[in-house]
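Let me begin by presenting the structure, written as structure tokens, before commenting on it.
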2 protein chains.
Amino acid sequence: MEELDVFDLRLLAAIQAKGDMTQAELSEIVHLSPTQCARRLQRLRADGFVRDIVAILDPERLGINIIAHTLVGLRNHDDETGKAFRAFVDAADEVVECWSQTGDADYLLKIMVKDLGELASLIERLITAVGGFASLRSFVALKAIKRTTTVPIRA
Amino acid sequence: MEELDVFDLRLLAAIQAKGDMTQAELSEIVHLSPTQCARRLQRLRADGFVRDIVAILDPERLGINIIAHTLVGLRNHDDETGKAFRAFVDAADEVVECWSQTGDADYLLKIMVKDLGELASLIERLITAVGGFASLRSFVALKAIKRTTTVPIRA
DNA sequence: GGCGCCACGCAAGAAACATGCGCGAGCGGC
DNA sequence: GCCGCTCGCGCATGTTTCTTGCGTGGCGCC
């Protein structure tokens, strides 16, 4: 709950880069005994610094060839439209991240799909799903789709 | 190297959600013996399906209050400009992700900072760093900064 | 200067992991 | 149709890793 000292920061940095190290390995990095590494890590988790530990899968290896960032603007900003949109996002496995944002668009989606066909189909479904309540602002909002080539991610 | 069966997919999905489960826990999810879970996981890693295992830290807990997505357009697309930009991105800890993309902008950055002051300072540094070789297309390119409120991330 | 608190490292018990083995299903050859 | 091969499975054991209790030392406070 208190401040983090240099050991805590080193620990966090270490597990952020590689989350499956043994206490012995960690101890060499942070220069602390294995026991103490474990105890501090336990405390850091209890205090909520570590949200969770996950495996990062290789998209290409799984046939994911397109990673797109899509800006979405809703025409209506009523509850119904928002809920319909959120529900769609939650249900769609292809949508990996969903950020609410200010500016000329309402949401920024990060989408991972196998090919352009899947991307098109997803957009199609999005339009009909949300359009059931209120249509998207316009196709211009969807024109903002950017196909992206993946660049080494910095963490 | 071959195809993935239902057990492999379940395993990947499981560790993607929670990467620090014991073999016993995994075995209950995928309905396979602990030993076999370990063996398949080992194979999946050897075959490159699992890129790595990392800890996701809580941004708020670390004083990160702003997560911004910024579109950047470069005026010149020569090697020098690109390299300067890449170098800046690699050196800046605040830039968490960097995506090269097609469309009206060249790059999409995901930035995590403590406050608006840090964000402004980062942009300032970006301009001067890249501007040393070629100026950004215009301030319009930077006008595209969106302050975002974090929404539960779907994975 | 004495006392109490807290973080540290060590060591033993507990848990989880890795590996060798035998079994049985599926498949190809005879 | 039958035999034998191969491969994936689960069990059992040895080894590593993790957890927890304990004694020690530094540091601040009274």
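A note on names: the letters A, B, ... follow the listed sequences, proteins ahead of strands, and every chain is numbered from 1.
Minimum heavy-atom separation, B:A55 to A:V50: CB-CG1, 4.3 Å. Listed here is the closest heavy atom pair of B:S27 and B:L32: CB-O, 2.7 Å.
The interatomic distance linking A:D20 (CG) with D:dC18 (C1') rounds to 15 Å, in whole Å. Put simply, CG on B:L11 is 14 Å from C1' on D:dG8, counting in whole angstrom units. In this structure, CZ of A:R39 is placed 14 Å from P of D:dC18, rounded to the nearest angstrom. We find that CZ of A:F7 is positioned 13 Å from C1' of C:dG9, with the value rounded to whole Å. For the pair B:L41 CG and C:dA16 P, the interatomic distance rounds to 16 Å; values are reported in whole Å. B:L32 has its CG atom 5 Å from the P atom of D:dG10, to the nearest Å. Computed from coordinates, the B:D8 CG to D:dC9 P distance equals 9 Å when rounded to whole Å. When rounded to the nearest whole Å, the span between CG of A:D5 and C1' of D:dG26 equals 16 Å.
In terms of phosphate contacts, A:Q23 brings a side-chain nitrogen or oxygen within less than 4.0 Å of OP1 or OP2 of D:dT19. The side chain of B:Q36 places an N or O atom within less than 4.0 Å of a non-bridging phosphate oxygen (OP1 or OP2) of D:dC9. Phosphate contact (OP1/OP2 of C:dC8, side-chain N/O of A:R40, threshold under 4.0 Å): present.
With distances taken from any side-chain atom of A:A38 to the nucleotides D:dT19, C:dT19, C:dA18, the minimum falls on D:dT19. When the nucleotides C:dC17, D:dT19, C:dA7 are ranked by their closest atom to the side chain of B:T22, C:dC17 comes out on top.
Counting heavy-atom neighbours within 6.0 Å of A:K18 NZ, excluding the residue itself, gives a total above 12.
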Verdict with supporting geometry, B:D47 and A:R61, salt bridge (Lys or Arg N to Asp or Glu O under 4.0 Å): CA-CA 9 Å; B:D47 289 352; A:R61 209 70 189 70; 5.3 Å; no
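Applying the 3.5 Å distance criterion, the base of D:dG8 shares no donor-acceptor pair with the side chain of B:R43.
Cluster membership check: B:F49 shares its hydrophobic cluster with B:V30, using side-chain heavy-atom separations under 4.5 Å among Ile, Leu, Val, Met, Phe, Trp and Tyr.
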